[in-house]
Amino acid sequence: MPDRPVSLVPGLAEDVGTDATVMNGGPSVELRRNRGARALALVCVLGGVLLLVYPSDGHLLRTIIAVGVIALGALALVSALRPFRFGIHADGLSIRRPGLRREIRWAEVATLVLDEPPRRDGYPTPPRLLLVPVQGVPRELVNARHPLDGRPAIELLVLDQVREQPEQVSAALTRHAGDRFVDLVALRRAAFAAPDLPIGLRGYQMDRVDRLIRRGQDALMSGDASARQAARGEIERATAAGLPRAQRGYNTYQTDTVLDALVTALADQQSTDRETAT
């Protein structure tokens with residue numbers, strides 16, 4: 001017999017330093033808060049204090065900057081030290097974080113969606129977990145929309161707030177939430193795995209390219225032939241007209257290669273649909 005429970009979710013096991021079982025596939029799954037924000041806040045506070053302690057020329061400006069850095073660091077530190085809990089268990093979710101303290105039963109959940117927002121300036125944004133409540137549940141906490149169908153949703157968690165990887169969180173939610181949970185990040189990657197495009201001078205405008213790739217991925221994922229046809233047409237028209245360029249953007253050759261591959265994938269799916277219909 002092992003001395004500690006064996007994790008059913010790869011890479012995780014019981015946290016013997018707490019009363020809760022952490023990601024062990026059992027009845028209780030506890031996500032652990034990322035401590036990076038706390039460390040950064042401490043660095044800001046200490047840096048501001050050092051600026052105050054060691055005077056120099058331009059003392060007034062230096063003091064103003066130091067006080068501002070200390071204030072920002074203190075606010076971040078207070079936020080990082082506030083109680084945090086995100087539990088996933090057989091009955092639902094237990095959440096305690098700034099802005100949301102609630103026990104959510106699975107019966108109140110229509111859909112849980114793990115989504116990755118569009119990139120910012122070519123860099124990926126952390127995935128977020130959204131909850132679409134069932135009809136009749138109070139919606140005063142609604143602050144987001146389902147990324148595909150636009151239904152009102154609640155942002156439960158941004159995954160850079162916790163130490164677990166998105167794949168580990170997805171595995172735990174799949175186990176406990178069942179069919180209520182949809183991992184759009186994994187589904188998009190399976191539909192079309194877009195590489196990280198290199199960024200340089202005078203490249204294609206990044207947000208435009210990212211929107212086209214997301215449009216194609218969502219169409220491939222949808223299973224809807226008309227959506228795939230519309231996405232293919234939009235990408236072909238955009239590339240034929242010439243994608244806008246920016247001072248800093250995606251490498252043009254590699255972007256053209258990726259978009260050509262995406263158009264081919266969309267066309268292949270449509271060919272498969274026609275063969276199935278006949």
Side-chain angles (χ1 to χ4, degrees), residues 34 36-37 40 111 113-130 132 143-153 155 157-162 165-167 169-170 182-274:
N34 191 336
L40 181 59
T111 306
V113 181
L114 185 62
D115 181 47
E116 185 176 55
R119 290 172 173 249
R120 295 175 184 169
D121 297 326
Y123 296 102
T125 53
R128 58 180 184 163
L129 183 64
L130 305 176
V132 177
N143 58 1
R145 293 279 175 180
H146 190 292
L148 297 183
D149 58 32
R151 283 179 292 168
E155 184 178 283
L157 183 70
V158 180
L159 265 63
D160 65 355
Q161 297 171 338
V162 297
Q165 295 299 308
E167 295 80 8
V169 177
S170 177
V182 178
D183 186 344
L184 284 183
V185 178
L187 289 175
R188 285 194 184 104
R189 191 181 301 120
F192 183 81
D196 291 331
L197 294 168
I199 298 171
L201 296 176
R202 299 302 301 164
Y204 288 141
Q205 195 175 86
M206 291 181 283
D207 61 345
R208 177 64 172 141
V209 173
D210 290 333
R211 285 199 301 269
L212 289 174
I213 292 175
R214 176 63 60 89
R215 178 91 159 85
Q217 287 176 317
D218 287 349
L220 286 169
M221 189 177 60
S222 70
D224 186 332
S226 61
R228 291 194 293 272
Q229 184 176 4
R232 179 188 175 192
E234 181 179 343
I235 296 169
E236 289 178 330
R237 287 191 298 273
T239 54
L243 291 169
R245 294 178 183 249
Q247 187 65 32
R248 181 172 174 272
Y250 287 138
N251 177 277
T252 55
Y253 174 76
Q254 295 196 35
T255 301
D256 289 338
T257 301
V258 169
L259 291 177
D260 287 344
L262 182 53
V263 166
T264 300
L266 290 163
D268 288 345
Q269 286 283 345
Q270 291 167 20
S271 299
T272 303
D273 291 338
R274 285 193 292 270

Given side chain to side chain contact (heavy atoms under 4.5 Å, CB included), test L130 with H146 step by step and report yes or no.
-> CA-CA 7 Å; L130 305 176; H146 190 292; over 6 Å; no
Non-hydrogen side-chain atoms of T125 and V158 separated by less than 4.5 Å = no
Validation row: L114, P127 side chains within 4.5 angstrom (heavy atoms) | yes
Taking every heavy atom of N251 against every heavy atom of T255, the minimum-distance pair comes out as O-OG1, 2.7 Å
Pairwise distance OH(Y123) to CG(D196) - rounded to 0.5 angstrom | 10.5 Å
Within-4.5 Å side-chain heavy-atom neighbours: V182 and L148 = no
In terms of heavy-atom contacts, A194 and I213 come closest through CB-CG2, 3.8 Å
Would you call D207 and P118 a side-chain contact if the rule is heavy atoms closer than 4.5 Å?
-> no
Under 3.5 Å, side chain of S170 to main-chain N/O of E167, donor-acceptor pair present?
-> no
Test log, rule side chain to side chain contact (heavy atoms under 4.5 Å, CB included), inputs R202 and Q247 | CA-CA 5 Å; R202 299 302 301 164; Q247 187 65 32; 4.2 Å; yes
Pairwise distance CE(M206) to CG(L243) - rounded to 0.5 angstrom = 13.5 Å
Worked check of side chain to side chain contact (heavy atoms under 4.5 Å, CB included) between D183 and R189 = CA-CA 10 Å; D183 186 344; R189 191 181 301 120; over 6 Å; no
Least distance between heavy atoms, E155 atom then A144 atom | N-CB, 4.5 Å
CZ-CG distance between R120 and D210, expressed to the nearest 0.5 angstrom = 12.5 Å
T252 and G203 have their tightest heavy-atom pair at CG2-CA, 4.3 Å
F192 and A265: which non-hydrogen atoms are nearest, and at how many Å?
-> CD1-CB, 4.4 Å
Does a sphere of radius 6.0 Å around CG in D121 hold more than 12 heavy atoms from other residues, nucleotides or ligands, not counting ones at 6.0 Å or beyond?
-> no
Derivation of the side chain to side chain contact (heavy atoms under 4.5 Å, CB included) call for D115 and R188 | CA-CA 10 Å; D115 181 47; R188 285 194 184 104; 2.8 Å; yes
Here the gap from R245 atom CZ to L201 atom CG, rounded to the nearest 0.5 Å, amounts to 12.0 Å
Are the side chains of P147 and L184 in touch, meaning some heavy atoms are under 4.5 Å apart?
-> yes
Mind checking the CG-CD spacing from L266 to Q217? Nearest 0.5 Å is all I need.
-> 10.0 Å
Do T239 side-chain atoms and I235 backbone N/O form a donor-acceptor pair below 3.5 Å?
-> yes
If you measure from CZ on R208 to CG on L212, what distance do you get to the nearest 0.5 Å?
-> 4.5 Å
Which atoms form the tightest heavy-atom contact between A227 and A219, and what is the distance?
-> O-CB, 3.6 Å
